[in-house]
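The figures here come from the full heavy-atom set of this structure, side chains too, leaving out hydrogens, waters and symmetry mates.
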Amino acid sequence: MDLGIDGRTALVTGGAGRLGSEFCEHLAAEGASVVVLDVDEEGARAVEETIADSDVPGSAMAVECDLTDRADVAATVEAIEEETDGVDVLVNNAGFVDAAAHLEEFPDELWERDVELNLTGAYNVTKQVFPHMKDREWGRIVTMSSIAGWQGSFAQISYAATKSALIGFGKALALEGAKYGITSNVLTPNIVVGDLADLRPEELEQFNPQFERIRQATPMRELGREEDVAPLVCFLASEHARYITGQVVGVTGGADLFSY
């Protein structure tokens, strides 16, 4: 299927991470010119090199940027727009997930850090790319939330709160962008663990008991992989998804379903 994003410029925040790099590689495989944006410049360049060395029709450009620095975001997006024809596809992927503690013990600095990147970082970059999408009357915004944004997550108060807020953020963008041909959708994956999903239950239990508990609570009895999510990002970025907007799509193996 031709997704119709050949030659489009796709900006992926947190592009050096496990999920972000998978998104970049899949978008490049569909012919997109991918901007691998990350505060980790070395990691972003590694993704750029991987794509350059692969036999795909698209390309990649590594860009260092701190999404929590509004001036840096503005200058970076301006530079990207000068280098390209402007951002057509934005994947809001960057975020922290490592803070875990009961509420009364939760470090205030980690709450502030997570709100600043997970939520305000997405706001900062979207605000900068949105005007170009309006001018061109075409745009695709895909925002990564989490199953924790739907259901909460024990002892992850900042992560659950910011991921829940991103659902409202994505829906509000959908309403604002609709008459300009801009779609906005939100993905809520289950935990994504990559190759760890191949471990046998006893091995996963030894590696991380929480992962094994999540696997057992998932009706498909599997944890997520990056390649479970990336094709959906590409589809939502495509011409074929032009009439899909404001939707929250779970990639969960059924973990968000009520089961006995």
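Heavy atoms only, all atoms of each residue included: Ser145 and Val186 are closest at CB-CG1, 3.5 Å. Between Pro189 and Met144, the shortest heavy-atom contact is CG-CE, 3.6 Å. The two residues Gly253 and Thr218 have their closest heavy-atom pair at O-CG2, 3.3 Å. Nearest heavy atom pair, residue Ser153 against residue Ala160, reads N-CB, 3.8 Å. Val97 and Gln156 get closest at one heavy-atom pair: O-NE2, 3.2 Å. Nearest approach of Phe106 to Ala155, heavy atoms of both residues: CE1-O, 4.3 Å.
A donor-acceptor distance shorter than 3.5 angstrom exists from the side chain of Arg140 to the backbone of Ser238, with no hydrogens or angles considered. In terms of modelled atom types and a separation under 3.5 Å, the side chain of Asp114 and the main chain of Ser158 share no donor-acceptor contact. Looking only at distances, a side-chain donor or acceptor of Asn118 sits under 3.5 Å from a matching main-chain atom of Phe96. Asn93 places a side-chain N or O within 3.5 Å of a backbone atom of Thr13 that can act as its donor or acceptor partner. Between the side chain of Asn124 and the backbone N or O of Leu67 there is at least one donor-acceptor pair closer than 3.5 Å. Side chain of Arg136 to main chain of Val87: no donor-acceptor pair is present (N/O by atom type, distance under 3.5 Å, no hydrogens or angles). Remark: side-chain polar atoms of Thr162 are paired, donor with acceptor, to backbone N or O of Tyr159 under 3.5 angstrom. With hydrogens and angles disregarded, a donor-acceptor distance shorter than 3.5 Å links the side chain of Thr252 to the backbone of Gly254. At least one donor-acceptor pair under 3.5 Å links the side chain of Asp88 to the backbone N or O of Thr9. One N or O on the side chain of Thr245 and one on the backbone of Ser184 form a donor-acceptor pair closer than 3.5 Å.
Interatomic distance, Asp108 CG to Leu110 CG, rounded to the nearest 0.5 Å: 9.0 Å. Between the CG atom of Leu236 and the CD1 atom of Ile244 there is a distance of 6.0 Å, given to the nearest 0.5 Å. Atom NE2 of residue His240 and atom SG of residue Cys234 lie 12.0 Å apart, to the nearest 0.5 angstrom. Annotation: the span from Asn190 atom CG to Ser146 atom OG amounts to 8.0 Å, rounded to 0.5 Å. Summarising the geometry, atom CD1 belonging to Ile5 is positioned 11.0 Å from atom CZ belonging to Phe235; distances are rounded to the nearest 0.5 Å. Between the OH atom of Tyr180 and the NZ atom of Lys134 there is a distance of 4.0 Å, given to the nearest 0.5 Å.
Put simply, the side chain of Val192 reaches to within 4.5 Å of the side chain of Glu226, judged on heavy atoms. Counting heavy atoms from C-beta on, the side chains of Val34 and Ser59 never come closer than 4.5 Å. Put simply, the side chain of Arg113 reaches to within 4.5 Å of the side chain of Asp98, judged on heavy atoms. The side-chain heavy atoms of Thr183 and Ile141, taken from C-beta on, include no pair separated by under 4.5 Å. In this structure the side chain of Asn185 never reaches within 4.5 angstrom of the side chain of Val249, judged on heavy atoms. Residues Leu37 and Thr76 are in side-chain contact: their nearest non-hydrogen atoms beyond the backbone lie under 4.5 Å apart.
In this structure, Val35 is not a member of the same hydrophobic cluster as Val89, with clusters built from ILVMFWY side-chain heavy atoms closer than 4.5 Å. Note on Val233 and Val36: same hydrophobic cluster, where clusters join Ile, Leu, Val, Met, Phe, Trp and Tyr whose side-chain heavy atoms are under 4.5 Å apart, directly or indirectly. When the side chains of ILVMFWY residues are joined at heavy-atom separations under 4.5 Å, either directly or via intervening members, Val12 and Phe130 end up in two distinct hydrophobic clusters. Residues Ile51 and Val63 fall into different hydrophobic clusters, defined by Ile, Leu, Val, Met, Phe, Trp and Tyr side chains chained together at heavy-atom separations under 4.5 Å. Cluster annotation: Val248 is not connected to Ile147 through the hydrophobic network of ILVMFWY side chains, with a link wherever side-chain heavy atoms come within less than 4.5 Å.
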Note to self: Determine whether Val193 and Asn208 satisfy the following criterion, side chain to side chain contact (heavy atoms under 4.5 Å, CB included), listing intermediate values before the conclusion.
What the structure shows: CA-CA 11 Å; Val193 298; Asn208 189 321; over 6 Å; no
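Under the rule for a side-chain contact (heavy atoms from CB on, under 4.5 Å), the partners of Asp38 that lie at least two apart in sequence or sit in another chain are Ala16, Asp40, Ala44. With sequence neighbours left out, Glu78 forms a side-chain contact (heavy atoms from CB on, under 4.5 Å) with Glu82. Under the salt bridge (charged side-chain N to carboxylate O under 4.0 Å, His left out) criterion, Arg70 pairs with no residue at all, not counting sequence neighbours. Remark: Lys127 pairs with Tyr123 by the side chain to side chain donor-acceptor pair (under 3.5 Å) rule, at least two apart or across chains. Residues meeting the side-chain contact (heavy atoms from CB on, under 4.5 Å) test with Thr68, sequence neighbours left out: Asp66, Glu116, Leu117. Residues that satisfy the side-chain contact (heavy atoms from CB on, under 4.5 Å) test with Ala178, not counting sequence neighbours, are absent from this structure.
Few gaps surround CD on Gln216; more than 12 heavy atoms of other groups in view lie less than 6.0 Å from it. The neighbour count for Glu109 CD, taken as heavy atoms of other residues, nucleotides or ligands under 6.0 Å away, is above 12. Within 6.0 Å of CG in Asp135 there are more than 12 heavy atoms belonging to other residues, nucleotides or ligands. The 12-atom threshold is not exceeded at CG of Asp195, counting heavy atoms of other residues, nucleotides or ligands nearer than 6.0 Å.
Residue pairs meeting the salt bridge (charged side-chain N to carboxylate O under 4.0 Å, His left out) criterion with at least one partner in residues 200-209, sequence neighbours excluded, are Arg200-Glu202, Arg200-Glu203. Residue pairs meeting the salt bridge (charged side-chain N to carboxylate O under 4.0 Å, His left out) criterion with at least one member in residues 143-170, sequence neighbours excluded, do not occur. Within the structure, salt bridge (charged side-chain N to carboxylate O under 4.0 Å, His left out) pairs that include any residue of residues 176-194 do not occur (at least two apart or interchain). Sorted by first and then second residue, the salt bridge (charged side-chain N to carboxylate O under 4.0 Å, His left out) pairs involving residues 206-222 (not counting sequence neighbours) are Glu212-Arg215.
Relative to the ring axis of Trp138, Arg242 does not place its NZ or CZ within 45° and under 6.0 Å from the centre.
In the model, Asn92 has a side-chain atom that pairs as donor or acceptor with a side-chain atom of Thr126 under 3.5 Å.
Contact check on Asp198 versus Arg225 returns a salt bridge, with a Lys/Arg side-chain nitrogen under 4.0 Å from an Asp/Glu carboxylate oxygen. Using a 4.0 Å cut-off between a side-chain N of Lys or Arg and a carboxylate O of Asp or Glu, Glu49 and Arg45 do not qualify as a salt bridge.
Taking the six-membered ring where tryptophan is involved, the planes of Phe154 and His102 are perpendicular, since the angle between them exceeds 60° and thus also 30°.
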Going by atom type alone, with no hydrogens or angles, which donor-acceptor pairs under 3.5 Å involve a side-chain atom of residues 165-175 and a protein atom two or more places apart or on another chain?
unit_1 : atom_1 : unit_2 : atom_2 : d
Lys171 : NZ     : Gly246 : O      : 3.2

Please tabulate, for side-chain N and O atoms in residues 21-28, each donor-acceptor pair with protein atoms closer than 3.5 Å (sequence neighbours left out).
unit_1 : atom_1 : unit_2 : atom_2 : d
Ser21  : OG     : Gly17  : O      : 2.7
Ser21  : OG     : Arg18  : O      : 3.1
His26  : ND1    : Glu22  : O      : 3.1

